[in-house]
Peer 1: 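Sharing a structure with you now.
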Amino acid sequence: MIKKLALLMAASLLLMPSALATDFVTKSELTGIQLPKGALELTDDDFSGEMVDLLEDIAATMNGKCQYHELLYWEGNPTALGKALGAKIPAELKYKTLELGELENGTYEQFSLTSAKVWYAGLWIDGPNDVSLAWCNVVKK
């Protein structure tokens with residue numbers, strides 16, 4: 001229950017990003033994956049403690065911990081953005097849904113992307129007209 005409450009708090013913070021964005025980006029600095037058009041990279045100041053804790057929880061399910069984090073935001077249709085990002089994930093990365101859930105104004109998905117060389121833990125949050133993506137690279141504990 002506490003984890004769900006923290007997720008709800010983090011989601012509400014993420015769905016209203018501040019003006020601390022660094023810039024629009026076309027490629028993830030963390031993963032190297034090409035991003036759908038309109039991706040806004042947010043600064044560390046936008047990363048709530050709750051969001052970092054959630055990513056750490058996801059990484060722990062992968063028997064690791066987060067090393068570096070990245071937070072991205074898009075305005076637009078969440079379904080179309082999800083499909084566009086999914087099409088850009090390299091074949092060598094295995095995508096696995098870890099948990100799905102509903103929020104007051106949207107949904108969330110906890111996931112992992114793994115290959116023999118890299119592991120990523122992520123959280124995708126759909127709002128009515130926007131998406132937030134927080135992810136980190138995972139290293140063994």
Side-chain angles (χ1 to χ4, degrees), residues 2-141:
I2 293 173
K3 185 176 176 182
K4 296 283 185 191
L5 181 60
L7 179 60
L8 294 175
M9 291 171 49
S12 66
L13 292 173
L14 277 177
L15 295 175
M16 298 185 297
S18 70
L20 298 174
T22 56
D23 206 355
F24 286 99
V25 293
T26 58
K27 185 176 182 179
S28 166
E29 290 182 30
L30 181 72
T31 65
I33 295 173
Q34 291 293 322
L35 300 170
K37 185 178 179 180
L40 189 61
E41 182 181 22
L42 303 177
T43 68
D44 286 344
D45 291 336
D46 291 304
F47 242 114
S48 69
E50 292 90 355
M51 181 56 64
V52 172
D53 290 346
L54 283 168
L55 284 176
E56 290 293 347
D57 288 347
I58 298 166
T61 68
M62 301 168 66
N63 296 318
K65 62 181 183 173
C66 289
Q67 184 178 31
Y68 300 108
H69 302 83
E70 185 176 55
L71 181 59
L72 302 163
Y73 174 82
W74 290 265
E75 289 186 358
N77 180 302
T79 302
L81 288 165
K83 287 180 181 179
L85 182 62
K88 300 291 185 180
I89 296 174
E92 65 267 9
L93 287 175
K94 180 182 175 188
Y95 179 86
K96 181 179 179 184
T97 297
L98 302 173
E99 182 179 327
L100 295 170
E102 293 191 24
L103 303 168
E104 187 174 322
N105 290 320
T107 61
Y108 72 90
E109 178 179 4
Q110 295 179 10
F111 65 91
S112 65
L113 289 171
T114 58
S115 74
K117 295 181 181 181
V118 295
W119 296 354
Y120 300 105
L123 178 63
W124 177 268
I125 301 172
D126 288 349
N129 298 303
D130 58 9
V131 171
S132 296
L133 170 62
W135 51 13
C136 69
N137 67 311
V138 177
V139 293
K140 292 186 180 189
K141 290 183 178 181

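In this text, all values refer to a predicted model and were calculated from it rather than measured experimentally.
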Peer 1: Output a table of donor-acceptor pairs, distance under 3.5 Å, between side-chain atoms of residues 116-123 and any protein atom two or more places apart or on a different chain; print 'none' if there are none.
Peer 2:
none

Peer 1: According to side chain to side chain contact (heavy atoms under 4.5 Å, CB included), who are the partners of Glu75, at least two apart in sequence or on a separate chain?
Peer 2: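 Expected list: Tyr73.
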Peer 1: Measuring only between side-chain heavy atoms, which start at C-beta, is Lys96 closer than 4.5 Å to Leu98?
Peer 2: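 Result yes, sub-4.5 Å side-chain heavy-atom pair found.
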Peer 1: Check step by step if side chain to side chain contact (heavy atoms under 4.5 Å, CB included) holds for Gln67 and Val138.
Peer 2: CA-CA 6 Å; Gln67 184 178 31; Val138 177; over 6 Å; no
Peer 1: Starting at CG of Leu113, measure out to CG of Leu93 and round the result to the nearest 0.5 Å.
Peer 2: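 Going from CG on Leu113 over to CG on Leu93, the span is 5.5 Å.
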Peer 1: For Thr61 and Ile58, indicate whether the former's side chain and the latter's backbone hold a donor-acceptor pair under 3.5 Å.
Peer 2: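 A pair under 3.5 Å: yes.
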Peer 1: Applying disulfide (SG to SG under 2.5 Å), which residue pairs with at least one partner in residues 48-136 are found, sequence neighbours left out?
Peer 2: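 Every disulfide (SG to SG under 2.5 Å) pair that includes a residue of residues 48-136, provided the two are not neighbours, is Cys66-Cys136.
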Peer 1: Under the side chain to side chain donor-acceptor pair (under 3.5 Å) rule, collect the residues that match up with Thr26, sequence neighbours excluded.
Peer 2: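 Partners of Thr26 by the side chain to side chain donor-acceptor pair (under 3.5 Å) criterion come out as none, since no residue qualifies.
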Peer 1: Test of understanding: with side chain to side chain donor-acceptor pair (under 3.5 Å), list the residues that count as partners of Trp74, not counting sequence neighbours.
Peer 2: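 If we apply the side chain to side chain donor-acceptor pair (under 3.5 Å) test to Trp74, skipping adjacent residues, there are no hits.
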Peer 1: If you define the side chain from C-beta out and look only at heavy atoms, does anything of Val131 sit under 4.5 Å from Ile125?
Peer 2: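 Sidechains of Ile125 and Val131: no contact.
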Peer 1: If you round to the nearest 0.5 Å, how far is NZ of Lys65 from NZ of Lys141?
Peer 2: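 Reported to 0.5 Å precision, the distance equals 9.0 Å.
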Peer 1: Which atom pairs, one a donor and one an acceptor, fall under 3.5 Å between side chains of residues 79-91 and the rest of the protein, sequence neighbours left out?
Peer 2:
none

Peer 1: Measure the shortest side-chain to side-chain distance between Glu70 and Ser28 over non-hydrogen atoms and say whether it is less than 4.5 angstrom.
Peer 2: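 They are in contact (side-chain heavy atoms under 4.5 Å apart), so the answer is yes.
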Peer 1: Looking at residues at least two apart in the chain, or sitting in another chain, which of them share a side chain to side chain donor-acceptor pair (under 3.5 Å) with Ser112?
Peer 2: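 None.
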Peer 1: Measuring from Asp130:CG to Asn105:CG, what's the distance to the nearest 0.5 Å?
Peer 2: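 Rounded to the nearest 0.5 Å, the CG-CG separation comes out at 9.5 Å.
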Peer 1: Decide side chain to side chain contact (heavy atoms under 4.5 Å, CB included) for Trp124 and Tyr108; before the verdict, give the C-alpha distance in whole Å, the side-chain angles of both, and the deciding distance to 0.1 Å.
Peer 2: CA-CA 6 Å; Trp124 177 268; Tyr108 72 90; over 6 Å; no
Peer 1: Which heavy atom of Pro78 sits nearest a heavy atom of Pro128, and at what distance?
Peer 2: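 Nearest pair, atom of Pro78 first, then Pro128: CD-O, 4.0 Å.
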Peer 1: Indicate yes or no for a side-chain donor-acceptor contact from Thr31 to the backbone of Ile33 under 3.5 Å, with no hydrogens or angles considered.
Peer 2: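 Indeed, once roles are kept as given, a pair shorter than 3.5 Å links the two residues.
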Peer 1: What is the distance from atom OG of Ser132 to atom CG of Leu42, rounded to the nearest 0.5 Å?
Peer 2: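 That separation rounds to 7.5 Å.
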Peer 1: Just how far is it from atom CG of Leu54 to atom OG of Ser48, taken to the nearest 0.5 Å?
Peer 2: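 The OG atom of Ser48 is 7.5 Å from CG of Leu54, to the nearest 0.5 Å.
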Peer 1: Between Phe111 and Leu100, does a side chain to side chain contact (heavy atoms under 4.5 Å, CB included) hold up when you go through it step by step?
Peer 2: CA-CA 9 Å; Phe111 65 91; Leu100 295 170; over 6 Å; no
Peer 1: Would a 4.5 Å heavy-atom cut-off, applied to side chains only, mark Thr114 and Met62 as touching?
Peer 2: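 A side-chain contact under 4.5 Å exists here.
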Peer 1: Return the set of residues passing side chain to side chain donor-acceptor pair (under 3.5 Å) with Tyr68 (not counting sequence neighbours), or none when no residue passes.
Peer 2: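 For Tyr68, no residue satisfies side chain to side chain donor-acceptor pair (under 3.5 Å) once neighbours in sequence are set aside.
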Peer 1: Would you indicate whether the side-chain heavy atoms of Trp135 and Leu72 approach each other to under 4.5 Å?
Peer 2: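 The answer is yes; the side chains approach within 4.5 Å.
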Peer 1: Can you check whether Glu109 reaches Thr97 side chain to side chain, under 4.5 Å on heavy atoms?
Peer 2: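 In contact.
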Peer 1: Please list all pairs passing the disulfide (SG to SG under 2.5 Å) test where one or both residues lie in residues 74-126, with sequence neighbours left out.
Peer 2: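 Sorted pair list comes back empty.
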Peer 1: Rounded to the nearest 0.5 Å, how far does NE2 of His69 lie from CE of Met51?
Peer 2: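 One gets 10.0 Å once the value is rounded to the nearest 0.5 Å.
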